[in-house]
Every structure is written in C-alpha cells, then in structure tokens.
Amino acid sequence: MKKFFSVEDVPNIFDLVKEAIFLKKNPYGIQHIGKNKTIGLVFFNPSLRTRISCQKAAFNLGCNIWVLNINNDTWKIEMNDGNVMKTTQEHLKEAISVMSMYCDILAVRTFPNLIDKDYDYKEVLFKKILNYSKIPVINMESATLHPLQSLADVMTIAEYTSFFKKKCKVVLSWAPHIKPLPHSVANSFSQWISKIEQIDFIITCPKEYHLHKKFYNGIYINNQNKAFINADFIYAKNWSSYLDYGKVLCHDYDWMITKKKMKLTNQAKFMHCLPVRRNIVVEDAVLDSKNSIVLQQAENRIYASQIIFKKIIQSLL
Ligand code: CP
C-alpha cells in the first residue's frame, strides 16, 4: 500500500479487517518492522481519538512519531497559490515538503470549509499535500472522508457478527446537532459498509441530507422509526446538508436517538464515532446502555491505524 486516502486504496476489505483483528490479539508481535521508521502526524483540525490512537499504533509497531498542530505550533500556513503572503508566513508547499523529509510516513488531518462545495469535494487541500509530499500519506480525515474511522467501524461490526457470518441490518441515522458538521464520517462509512454484501445497509435522514451519490447510491428512509425496525446496528451521526452545501436545514430534535426508538430494533448495538453531544445526538440512556459499543469502536481505532501503518511500512522495505 503506497498511500491510504480512501477505501479505493484497499485491495480487499475482508483481508484487511481480518488482519487488523489478528493484530489486535498480538499488537506487539511485529515491533521490529518500525525500527528506524518515523511517522509524522499533522493536524489542521483538533482531534482526541485519531491523534492518540495513531500514536499508540506507532508505538506498538516500534516506530518513532512526532505530532504537529498547524497554526498553533507552526508559522501561519498559506494554503493558496499565488497570494502575496502579507498575513501568512510559510507556504503549504515548503511546509509539507520539509515535513516529508523528517519522517517516512505522513498522516494528515485536513478539514472542509463547508462553504465551497467544489473545493471540498475535489479535496483540493489534501491533493496538494499528496502532491507536495515526497513520502506516503495517510488520510486521518479529509474534507469528505474519514477512512481510518470506517475501518475501525467495520472491524467492530465484524467482531459482533462473527465476521459477518449472519446477514445483519445496519442503519446510519442522521441525528441533530447545533452546528454544521462535515460529511466525512457518513460518506466514508457508507462507502465502506456498502461493499459488504452480508450487510443490509440503509440511511435514515431528513430529505435535505442525502449524501453525494459517489459515496452512497442506496436506499434512504425518511421515517426514522420505520428505518429502525429490526436493525442490528444503529450508527448515529450528524452531518450538514450536501445539497444546500454546509447548511443546517433541520432543527428537529425529535431525530435524537432515544431508548424508545432503540426498542424498535433487534436489540441493536449503538455506534457513534465520537465525540458526541449527549442529549442532542443521543440520549444518556442509550449511550450508557450495555448495547452501546462506542468505546469498542474507539479502541479499534488503534488497530485500524496499526494495520495501515504496517502495510505502508512494508511497502517501504
Ligand atoms: N472519531 C474521531 O476521529 O475522533 P477525533 O476527532 O477526536 O480524532
């Protein structure tokens, strides 16, 4: 594997998930492969899970690691080309080129502006980074995708279904929020999960919240209660509108995931990528229930990162 930007970089999801679950059983078994290898983590946006799970994954593989928060820890970075840099101090081109000389793998989190649909959906910033970097780049969440999260999510579902042995119903449910959020988790999850034929996958959301067809071209059910019937997994997430780009169009807090709605399901497991706003996105009673597997998802972020680091390091040897 030469880069990890999306599911398209994965030759076989099943093999990857199997290997990640195997690695979880013996995370320190291949520490020799990281000897003299350095991973750089670059954050243009805040993070708790991605940052620390990637650090842990690198330590498990015996790698060195450094972490950089853009703008807080660095010169103010200029992202655009051709600007007279009166208010910025260093161009992305030099910054990424230099950083890529200080490590063997660069993992980067960018962000969407949620204003310019074309800029975000063409992944202009991430593509510049791929272009300027002299080494393999990993997507730690870009404007439209969050593939490390999706790999951890699929791993978690695999663990709860004895590796998709029986057919199951997975529902991605839009949930309310107070501010516009990126589409990356919803896009990526839909893209990954749609590739697993044992999974009956649907999205429930208000009609203004349909995702870009490139990431999901399946069934939408606007009636959340109906969608929940017989579900085995409920994945809750807020995202802003794609069609009316970046807008919050639904302020209906009845979309919150509640205990009452979970009763419609087949004792479904509750999933969320975290961070989550309690009692806006999901009721305490659901998040604190024994069916909530959000912490297992978060734990699997370590092994999702570790398997990707391993694959990329092996391609360097
Ligand atoms: N789920 C996730 O990516 O969490 P962080 O934003 O804290 O990294």
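When a ligand or atom number is given, it counts from 1 through the structure's own listing order. Atoms considered below: every heavy atom in the structure, side chains included; atoms not considered: hydrogens, waters and symmetry mates. All residue numbers refer to positions in the sequence shown, counting from 1. These numbers were taken from a predicted model, which means no experiment stands behind them.
Using a 4.0 Å cut-off to heavy atoms of H146, the atoms of ligand 1 that qualify are 2 (C), 3 (O). Of all atoms in ligand 1, numbered sequentially from 1 with element shown, those under 4.0 Å from a heavy atom of T50 are 2 (C), 3 (O), 5 (P), 8 (O). Ligand 1 places these atoms under 4.0 Å from at least one heavy atom of R301: 1 (N), 2 (C), 3 (O).
Aromatic ring orientation, W174 versus Y209: tilted (interplanar angle from 30° to 60°). The aromatic rings of H212 and Y121 lie parallel to each other, with less than 30° between the two planes, well short of the 60° mark. Taking the six-membered ring for Trp and thresholds of 30 and 60 degrees, F189 and F201 have ring planes more than 60 degrees apart, a perpendicular arrangement. Ring geometry, F126 versus F5: the interplanar angle falls from 30° to 60°, so the pair is classed tilted.
For the pair K117 and Y242, the cation-pi test (distance below 6.0 Å, angle within 45°) is passed.
Looking only at protein heavy atoms, the nearest one to atom 6 (O) of ligand 1 is R109 NH1, 2.9 Å. The single protein non-hydrogen atom nearest to atom 4 (O) of ligand 1 is R49 NE, 2.9 Å, given as residue, atom name and distance. Of all protein heavy atoms, the one closest to atom 1 (N) of ligand 1 is L274 O, 2.8 Å. The nearest protein atom to atom 7 (O) of ligand 1, hydrogens excluded, is given as L48 N, 2.7 Å; this is a heavy-atom distance.
Considering backbone and side-chain N/O atoms, P46 never comes within less than 3.5 Å of an N/O atom of ligand 1. Residue contacts with ligand 1: E141 is placed with no nitrogen or oxygen under 3.5 Å of a nitrogen or oxygen of the ligand (distance criterion only).
With N139 contributing its side chain and S6 its backbone, the two residues share no donor-acceptor pair below 3.5 Å.
Neither the backbone nor the side chain of H272 has a heavy atom within less than 4.0 Å of ligand 1.
At a threshold of 4.5 Å between non-hydrogen side-chain atoms, the residues Q224 and K261 count as touching.
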